2 protein chains.
Amino acid sequence: MSLRVSQVAEQAGVSPDAVRFYEKEGLLPQPPRSPAGYREYDPTVPQRVRFIKGAQEMGLKLAEIGELLEIQDRGACPCGHTKTLVERRIAEIDAEMARLSGLRVELAEMAKLECPATDQGDLWPCEVTFIKRGGERVG
Amino acid sequence: MSLRVSQVAEQAGVSPDAVRFYEKEGLLPQPPRSPAGYREYDPTVPQRVRFIKGAQEMGLKLAEIGELLEIQDRGACPCGHTKTLVERRIAEIDAEMARLSGLRVELAEMAKLECPATDQGDLWPCEVTFIKRGGERVG
DNA sequence: GTAAACCTTGGAGTCGACTCCAAGGTCAAG
DNA sequence: CTTGACCTTGGAGTCGACTCCAAGGTTTAC
């Protein structure tokens, strides 16, 4: 039996619109249609959609996932390519974590600051911190 | 002396378009105009723009920065509010770092996988990993 | 036979922070 | 007096991954 778009969507945990969107973007093959024009999906399609969601949760973009699927569909082993993608993503994650960790320190320091008795003109401690940062960056 | 939009932009390290955009969004006051209609900025404005950039690098959204500036402009001490914003952002950062760190582990494991001799039908190890993840999530 | 719940399409709207464009006005230098 | 570098405005375009809509056709249940 074939599946309708909303059944695929439900089984994969996405919206029917998303399924149609993936098809439009070339991530899902165009399925055969019923006489009335309804999409009739192969029962393996929800798995493919879950693959998309899984890869997406790994931080890959739809375009990248599309690349992977395309290579896979052509029957070539995409592992090398996948590895490149994955390693690039790991590097991005490392960079982002370093950035966030530095940021966290600065924010935590900022959150410790107290308000009363400003000695910096008409600026408050937190704002002074912000502005000093801006000044450092540029000047 | 007053500054023109591109001078403000240069001193703050942004584009003239960005300066006009901030004005449109209410983050910068509408400056007086020259007879020809040119914006004539107070020399403190680049500092305000750097404040915006600084806060932005902290991960605050323009709308939030706008809130801060508005309170500041009204003469009220925004420290409590700033603190709320900053603490919220810290919580977000912690959540994001936890997510990324888990992700990194999974990706690193994936990158270690080797290609040859698939024993899982017509899927490659990396894809199997992806799909299994999808399957776990949903089923 | 009719109402609800699906399906189809194309196209617009969303968020965020801009950027880019066109079509014109202004100003300093040579 | 012209060239070129600025300025003005409003509005459209960008990226990403959808969501929502209208206006119609179909299928299913009662």
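In what follows, chains are A, B, ... by sequence order, proteins preceding strands, each numbered from 1. Here the structure is a predicted model, which means the values were calculated and not measured.
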Check your understanding: Judged by modelled atom types alone, do B:Tyr41 and B:Glu23 share a side-chain donor-acceptor pair under 3.5 Å?
Key -> yes
Practice task
Would you tell me whether B:Ser15 and B:Asp17 have side-chain atoms, one donor and one acceptor, within less than 3.5 Å of each other?
Solution key: no
Testing the basics here: between [X] and [Y], what is the closest heavy-atom pair and its distance to 0.1 Å?
| X | Y | answer |
| --- | --- | --- |
| B:Gln56 | B:Ile65 | N-CD1, 3.7 Å |
| B:Gln11 | B:Arg50 | O-NH1, 3.1 Å |
| B:Ser101 | A:Met97 | N-SD, 3.9 Å |

How close or far is atom [atom2] of [N] from atom [atom1] of [X], stated in whole angstroms?
| X | N | atom1 | atom2 | result |
| --- | --- | --- | --- | --- |
| B:Gln7 | C:dC27 | CD | C1' | 14 Å |
| A:Ile65 | D:dG16 | CD1 | P | 12 Å |
| A:Glu64 | D:dC15 | CD | P | 15 Å |
| A:Glu23 | D:dC18 | CD | C1' | 15 Å |
| A:Leu28 | D:dA17 | CG | P | 14 Å |
| B:Glu40 | D:dC7 | CD | P | 12 Å |
| A:Lys53 | D:dA17 | NZ | P | 10 Å |

- Does the side chain of A:Tyr22 get closer than 4.0 angstrom to OP1 or OP2 of D:dA17 through an N or O atom? no
Of the listed D:dT8, C:dT9, C:dC6, the closest approach to the B:Arg20 side chain comes from D:dT8
Closest of D:dA17, C:dC18, C:dT8 to the A:Lys61 side chain is D:dA17
Across the strands shown, which category fits A:Arg39 at heavy-atom distances under 4.0 angstrom: base, sugar-phosphate, nothing?
sugar-phosphate
- With heavy atoms under 4.0 Å as the rule, sort A:Gln56 into base, sugar-phosphate or nothing. sugar-phosphate
In B/S/- notation (B base, S sugar-phosphate only, - none; protein heavy atoms under 4.0 Å), nucleotides 19-30 of chain D written 5' to 3' is BB----BBS---
So CG of A:Leu60 and CD1 of A:Ile52: to nearest 0.5 Å the spacing works out to 12.0 Å
message: Taking A:Met58's backbone N and O only, do any of them form a donor-acceptor pair with A:Arg89's side chain (distance below 3.5 Å, no angle check)?
response: yes
